[in-house]
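Accompanying notes for the structure given below.
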Amino acid sequence: MSGPEGEQRTATGAGGGSPWSMFDPVPVPVAVTRGPQHELVYTNHLHRQVFGPRPLGVPLAQAFPEQKQQSYFALVDEVFRTGEPVRLAAAPSEYRSPHGFTKRYFTFSLSVLGMPDGGRGVLVVAVDVTEQVRSAERDRSTTEERLRALRRFENLVATGTQIVWVAAAKGGTIEPSPGWEHVTGQTWEEFRGDGWLDALHPQDREPMRAAWQQALDEVPDEFTYVYRLRTADGTYRHFHVRAVPVRDDDGRVLEWVGTCTDIERDWQEQRRKDVLAAAAALLAESTQPRTAFAALGDVIVPALADKCGIYLFTDPVDQLADGAGLTVERIAARTREGLPADPPRLGTEHIPDGSVFARAVRERRPVLTAFDPDTTPPGLVPPDTLPWLRSARAHSVAVVPVLIDGALAAIVDVFACGDRDPIGAADLALLHELLEQAHDPLRNIMEFQRTQRVALALQHSLLSRPPHYGDLHIVSRYLPSPAAAEVGGDWYDSFVLGDGALALVIGDVAGHDIAAAVNMSKMRNMLRSLAADREEPPGDIIRRLDRAAQLLEPDGSTATCALVRVEDAPDGGRQAYYSVAGHPPPLLVTPDGRTSFLTGATSPLLGLPVPDDWRVSAVQPLPAGSTLLLYTDGLVERPDEDIDDGLTRLARTAAGLAGTPLEAFCDTLVSCAAASGRDDVCLIAVRLPAPQH
């Protein structure tokens, strides 16, 4: 090919296929190079008029051999290397033009420009300032117009941008945008001024108008925004808007140059990551199925829908078998702010067969349905939901069954209302992925809750009521930990021995799970058997208990225990014959409020290899009217506090309660612990009859 037009097509493709065709009408010479070798890939029509046709696809130095003696090529290297723009004012240039060898003055602006293939190049814009240099008196109007165009395109470094637009200093588009018309279908007459706002999603128009007006008033260096733009096929996609002000030499804003880039794919992926991360965080904090499902509702609305309901059921397949529909329990409902209030009707609901609910359950797959908001089918949703759907202008619903290990555990419905886009395949896929991600956490939560129910039932079955024993008053209390899933290894026991003495026991097995409850059961039963087997000091019983536990359960957990025999004393009163293994010491409270801890017979906790003679016993007289309290560490321990401080506080509180009835005495101690503690609280107390006067 020969001639400038032929050379241009050779490098960039014929006709309007050139990625640089936006520079064709620019009223100043423009050239584009590519790569570190600075291959010349484009010159606009005015450039070819001024500098003559230049071969494309060759290095800049080869295309302009007459410039080799000048340092301009070093500037191109610098801009490509650093990425920083350079402006060279009033530079002399000797070059071969269509009119022969010419010397003129140009202001060159060089900036990095992205290539369609992902590489980089340099954009060179030249403004002829020869007349300015030669005659300061000449009219500058033509040159200023060219400088204005230069500033506009210096700000336009928008590789891969689909839409370029220009707005007046105070807003309103002032030039046609072929890219905008291609994407949205709006004509220039529809687009000009503020007409472009009509192409935005209805929910985004006013927020964008307000943000754009703020930018026009405050004139930041850069304005950015993300909105949904209606495309020519009627669907909405997310676009990222970027605009910069173009200023004159005095800093006054002449106009705004902006770009709009389609970011729908990136936006969808980021939404997916945010939704899944939010769900994972909320599920990690949930310990019960109801709160876990409700947490999912907080993620679904408003990220994926305007409203959602979550329903539990036991065996819906059997319910559907007789054609009678579904009986479910709605446990959670969430509604986007700004919509009519959804009546908080949580509880049992009946859903007719033939509804999308029944279809989703029967087919065990998500079901998506769109409908006219004015004629919502009556059998589509639970009857109690129908009035709200019509008032909120709901128009689409997705119903997703939740399967846990293959069994239907719940069902989730989500609705789109009003101006919100109908629930689509992407929304349904993300909702399904969200519930799939929640499968393991939900299964673990449900299994954990089942385990805790079994363990708690086992534990409560072992915490039997104290026996009636003569003139002694016995009271016990148990308070599960608010932070330990409602089951632990704390236990108490009381029973009458063969010789007529009363046995009081308090213990704590390490752990807060079903294993702890099982070990607690073993310890309790073994201690009962050993205490009933023979009459011997409490220390000997604890020694045999420890030996038996280690022999039968060599890998078992550790435990603490305190055993007290309340028996007749030789002087006619009563005494406590006791032994403590690693447990907080029993507390004796006299009627006049004096307190003392029983520390005369202590030894290490059970489960540790210790010599037999370490398990000792001691005797403590029990004055008439006194109270003997056995308790677990949850009554005295607090986070970040030494246990001695807790024991001191217990003694002080108990002293103040010395004269209160034993039930009130125990209730007050438990309530004080519940207000600040994090562990189970277990106690058993016995009060001797008051002295006879």
Side-chain angles (χ1 to χ4, degrees), residues 489-510 519-520 522-553 556-571 573-590 595-623 626-633 635-636 643-644 647 650-651 682-686 688:
D490 290 23
W491 56 285
Y492 62 80
D493 199 4
S494 57
F495 48 91
V496 180
L497 297 170
D499 61 356
L502 173 67
L504 299 177
V505 184
I506 197 81
D508 188 359
V509 176
N519 287 335
M520 175 194 71
K522 294 177 181 178
M523 285 286 185
R524 172 188 180 274
N525 293 333
M526 280 194 294
L527 182 56
R528 274 196 165 215
S529 298
L530 293 173
D533 175 56
R534 67 183 73 165
E535 297 176 9
E536 59 184 352
D540 292 345
I541 296 175
I542 287 181
R543 173 179 53 77
R544 288 199 294 143
L545 172 66
D546 190 18
R547 182 181 299 173
Q550 293 190 50
L551 179 64
L552 297 176
E553 299 286 346
S557 61
T558 57
T560 66
C561 180
L563 170 62
V564 179
R565 281 174 51 97
V566 179
E567 56 188 22
D568 293 335
D571 62 1
R574 285 195 171 95
Q575 65 183 18
Y577 196 13
Y578 69 96
S579 182
V580 179
H583 200 84
L587 175 65
L588 179 62
V589 184
T590 62
T595 61
S596 60
F597 288 103
L598 278 56
T599 58
T602 59
S603 61
L605 52 79
L606 307 176
L608 299 180
V610 298
D612 288 349
D613 57 3
W614 283 23
R615 306 298 185 189
V616 295
S617 305
V619 174
Q620 171 68 44
L622 299 176
S626 62
T627 302
L628 181 63
L629 173 68
L630 282 67
Y631 54 93
T632 56
D633 54 8
L635 188 67
V636 292
I643 192 171
D644 288 340
L647 293 173
L650 172 62
C682 205
L683 61 83
I684 186 168
V686 59
L688 278 67

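As the structure is a prediction and not an experimental result, all values here were calculated from the model.
At least one side-chain heavy atom of C561 sits less than 4.5 Å from a side-chain heavy atom of L606. Looking only at side-chain heavy atoms (C-beta outward), L563 and L545 stay at 4.5 Å or farther from each other. Between L587 and T595, the closest side-chain pair of non-hydrogen atoms falls below 4.5 Å. L629 has its side chain out of reach of V589: every pair of non-hydrogen atoms, C-beta onward, lies at least 4.5 Å apart. Annotation: side chain of L527 is in contact with side chain of W491 (closest heavy-atom distance under 4.5 Å).
Counting all heavy atoms, side chain and backbone alike, I506 lies closest to Y492 at CD1-CB, 3.7 Å. Pairing each heavy atom of Y577 with each of S617, the nearest pair is CE1-CB, 3.6 Å. Annotation for L608 and Q550: closest pair O-NE2, 3.3 Å, computed over non-hydrogen atoms. For the pair A562 and L630, the tightest heavy-atom approach, listed with the atom from each and the gap, is O-CD2, 4.0 Å.
Every side-chain contact (heavy atoms from CB on, under 4.5 Å) that S494 has, sequence neighbours left out, goes to P466, P467, L504, I684. With sequence neighbours excluded, the residues that form a side-chain contact (heavy atoms from CB on, under 4.5 Å) with P623 are L588, T590, S626. D499 meets the side-chain hydrogen bond (donor to acceptor under 3.5 Å, both in side chains) test with R565; sequence neighbours excluded. Annotation: side-chain contact (heavy atoms from CB on, under 4.5 Å) contacts of T560 (sequence neighbours excluded): D508, H583, L605. When the side-chain contact (heavy atoms from CB on, under 4.5 Å) test is applied to R528, the partners found at least two apart in sequence or on another chain are S464, D493, F495, R524.
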>> Quick one, L598 with L628, criterion side chain to side chain contact (heavy atoms under 4.5 Å, CB included). Give me CA distance, side-chain angles, the key distance, then yes/no.
In response: CA-CA 10 Å; L598 278 56; L628 181 63; 4.1 Å; yes
>> Please determine whether side chain to side chain contact (heavy atoms under 4.5 Å, CB included) holds for the pair Q620 and V564, giving the CA-CA distance in whole Å, both sets of side-chain angles, and the decisive distance to 0.1 Å.
In response: CA-CA 10 Å; Q620 171 68 44; V564 179; over 6 Å; no
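Atom OG of S579 sits about 10.5 Å away from atom CZ of R543, to the nearest 0.5 Å. Taken from CZ in R574 to CG in L622, the straight-line distance is 9.0 Å, to the nearest 0.5 Å.
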Quick one: side chains of residues 530-540, donor-acceptor pairs under 3.5 Å with protein atoms, not counting sequence neighbours, listed by atom name and distance.
residue : atom : partner : partner atom : Å
D533    : OD2  : R544    : NH1          : 3.3
E536    : OE2  : R544    : NE           : 2.7
E536    : OE2  : R544    : NH2          : 2.5

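Side chain of R615 to main chain of P604: a donor-acceptor pair is present (N/O by atom type, distance under 3.5 Å, no hydrogens or angles).
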